[in-house]
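Note on naming: letters A, B, ... go to the chains in the order of the sequence lines (proteins, then strands), and numbering restarts at 1 for each one. Everything quoted here is computed from the prediction, not taken from an experiment.
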Number of protein chains: 2
Amino acid sequence: MKKTSPAKKRSPGRPRGFDRQAALETAMKTFWAHGYETTSISDLSRAMGINAPAIYSAFGDKKQLFLEAMRLYQGDPQDQAEGIAGAPSSRDAAAMVMGNAIRTFTGKDTPKGCLIGTGLATGSPAAADVRAEGNAMRDKLEALLVRRIERDKTEGILPPDIDAGTLAALVNCTVQGFSTLARDGASAAKLHAVADLVLAGWPEE
Amino acid sequence: MKKTSPAKKRSPGRPRGFDRQAALETAMKTFWAHGYETTSISDLSRAMGINAPAIYSAFGDKKQLFLEAMRLYQGDPQDQAEGIAGAPSSRDAAAMVMGNAIRTFTGKDTPKGCLIGTGLATGSPAAADVRAEGNAMRDKLEALLVRRIERDKTEGILPPDIDAGTLAALVNCTVQGFSTLARDGASAAKLHAVADLVLAGWPEE
DNA sequence: TCTTTTTCATAATGATCGCTCGTAAATATC
DNA sequence: GATATTTACGAGCGATCATTATGAAAAAGA
């Protein structure tokens with residue numbers, strides 16, 4: 001009898017003895033807690049519950065594992081782009097971005113702060129390319145905000161003389177600051193109060 | 001004939017073949033560029049131009065060397081305290097703190113960003129005590145700002161209903177964000193524009 | 001000159017780094 | 001059951017980690 005549902009077919013060979021996605025999630029949290037270069041393969045092996053060779057066969061090497069963990073961390077890049085572009089105003093977009101950051105940085109079941117901001121804050125020249133990936137993500141966020149702010153200007157929601165780059169940098173700066181404050185133990189409530197202060201100074205027509 | 005000026009007397013033994021202060025400064029910049037745990041003794045030895053045993057005899061171990069570099073980096077803590085306490089207003093104090101941060105984080109002859117914010121952003125549990133030192137410095141800054149803001153409230157310069165903790169956290173948050181932005185390549189001018197935006201939203205009576 | 005004191009450079013310590021080899025085990029296909 | 005394929009796991013690779021033992025070299029004081 002043929003299987004009615006074309007479920008996942010099993011390829012030949014010994015089946016993997018662990019859940020790849022769960023292991024990736026554990027790796028993400030481990031990197032998140034201790035940084036990219038300062039997390040060792042043996043740290044990861046212990047946390048993920050699998051031996052080092054299993055990590056390499058499933059994820060490549062340490063760099064690829066981190067990059068994959070980074071993609072899991074940031075979620076779908078299109079969601080971010082659409083969230084900012086689709087916000088009613090740049091002010092709403094800024095509020096959303098900061099709110100999301102606060103939620104991520106003060107999660108109960110995850111390390112405090114930003115995986116990318118803290119885990120890639122610095123390091124050896126050998127990891128410069130990985131740091132550049134994190135840098136690119138922050139630049140991307142700022143660019144999306146700039147575009148949203150410019151649109152507000154052309155639509156008359158914001159005065160035309162304000163500097164979109166500065167305003168976007170303010171939001172980016174605040175988010176990055178949240179990462180450090182959260183790691184220092186600041187509560188979500190405190191960060192929300194700071195975000196409200198930033199939004200209170202948001203320019204108006 | 002007695003020496004008229006009680007200059008530095010030379011103690012017996014072979015004299016040190018390097019300038020301790022200059023070596024410390026080089027160590028500071030090396031840590032600043034590559035982080036505490038991700039800078040190796042051999043990195044430091046190469047940069048400082050002295051062999052590893054000379055580092056250990058002159059500075060103790062890696063942790064003590066970093067802590068001494070951190071003290072050189074921050075300067076006299078009393079200067080900061082007096083600068084904030086002695087500012088005409090909390091707004092002036094915030095402007096000064098942010099301005100100093102921008103100058104330090106975008107210096108021409110030093111690495112970008114904050115030695116403490118980036119070099120101690122994360123790491124292994126073995127270095128948790130060193131990170132706690134950096135954490136304490138940020139807390140100290142915020143506490144000084146809180147005190148200055150509270151004084152403005154009692155003196156009627158600021159309305160009594162504003163939250164000093166939130167306002168101080170905003171400044172601290174902005175400064176920490178500056179570190180990441182500077183490391184990402186932001187210019188001093190751009191950071192000053194952001195600082196002006198923060199100050200523009202500063203509450204008034 | 002001789003002793004004492006301190007610094008020098010070479011070389012080595014055991015531990016850990018990221019990573020891989022080799023072999024046994026577990027599955028699908030023939 | 002035989003074969004092919006994939007994974008698990010112990011062991012080990014060379015390199016680097018922070019740190020130190022060793023002994024020659026360079027100064028002061030006797």
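- Within 4.0 Å of Ile41(A), counting heavy atoms only, lie sugar-phosphate atoms of the nucleic acid but no base atom.
- Put simply, CG on Asn51(A) is 6 Å from P on dG10(D), counting in whole angstrom units.
- With sequence neighbours excluded, the residues forming a salt bridge (charged side-chain N to carboxylate O under 4.0 Å, His left out) with Arg131(A) are Glu37(A), listed by chain and number.
- Residue Thr110(B) holds its OG1 atom at 7.0 Å from NZ of Lys29(B), rounded to the nearest 0.5 Å.
- Across the interface with DNA chain C, nearest-nucleotide mapping of Ala54(B) and Gly13(B) shows Gly13(B) to be the residue nearer the 5′ end.
- Side chains of Asp152(B) and Ser90(B): a donor on one and an acceptor on the other come within 3.5 Å.
- At the heavy-atom level, Thr39(B) lies under 4.0 Å from the strands shown only through sugar-phosphate atoms.
- Within the structure, the salt bridge (Lys or Arg N to Asp or Glu O under 4.0 Å) test picks out the following pairs touching residues 64-83 of chain A (sequence neighbours left out): Arg20(A)-Glu68(A).
- For the pairing with Tyr73(B), the ring pair (Phe, Tyr, Trp, His ring centres under 6.0 Å) check across Phe31(B), Trp32(B), Phe66(B) returns one residue only, Trp32(B).
- The nucleotide range of DNA chain C contacted by chain A, defined by atoms under 4.0 angstrom from heavy atoms of the protein and reported 5' to 3', is dC17(C) to dA28(C).
- Comparing the axis of the opening five pairs of the helix from dT1(C)-dA30(D) to dC30(C)-dG1(D) with that of the closing five pairs yields an angle of 10°, rounded to 10°.
- For the pair Phe18(A) and Glu37(B), both in contact range of DNA chain D, the more 5′-proximal nearest nucleotide belongs to Phe18(A).
- At a threshold of 4.0 angstrom between heavy atoms, the contacts of Ala52(B) include nucleobase atoms, whether or not backbone atoms are also involved.
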Using atom types as modelled, flag every donor-acceptor pair under 3.5 Å from a side chain in residues 101-108 of chain A to any protein atom, sequence neighbours excluded.
residue, atom, partner, partner atom, Å
Arg103(A), NH2, Asn100(A), OD1, 2.5
Thr104(A), OG1, Asn100(A), O, 2.9
Thr106(A), OG1, Ile102(A), O, 2.7

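- Rounded to an integer number of Å, the gap from CG of Asp61(B) to P of dT20(D) is 8 Å.
- The structure places NZ of Lys62(A) at 7.0 Å from CG of Leu44(A), a figure rounded to the nearest 0.5 Å.
- In this structure the side chain of Leu65(A) never reaches within 4.5 angstrom of the side chain of Tyr36(A), judged on heavy atoms.
- If you check every strand for non-hydrogen atoms under 4.0 Å, Pro15(A) touches sugar and phosphate atoms only.
- With sequence neighbours left out, the salt bridge (charged side-chain N to carboxylate O under 4.0 Å, His left out) criterion links Asp129(A) to Lys63(A).
- In this structure, Ser40(A) reaches the sugar-phosphate backbone alone: every heavy-atom distance under 4.0 Å involves primed, P, OP1 or OP2 atoms, never a base.
- The CG-P distance, from Leu65(B) to dT19(D), rounds to 10 Å in whole Å.
- Listed nucleotides: dG10(D), dA18(D), dA26(D). Nearest to the side chain of Tyr56(B): dA18(D).
- Between Phe59(B) atom CZ and dA18(D) atom P there is a gap of 16 Å when expressed in whole angstrom units.
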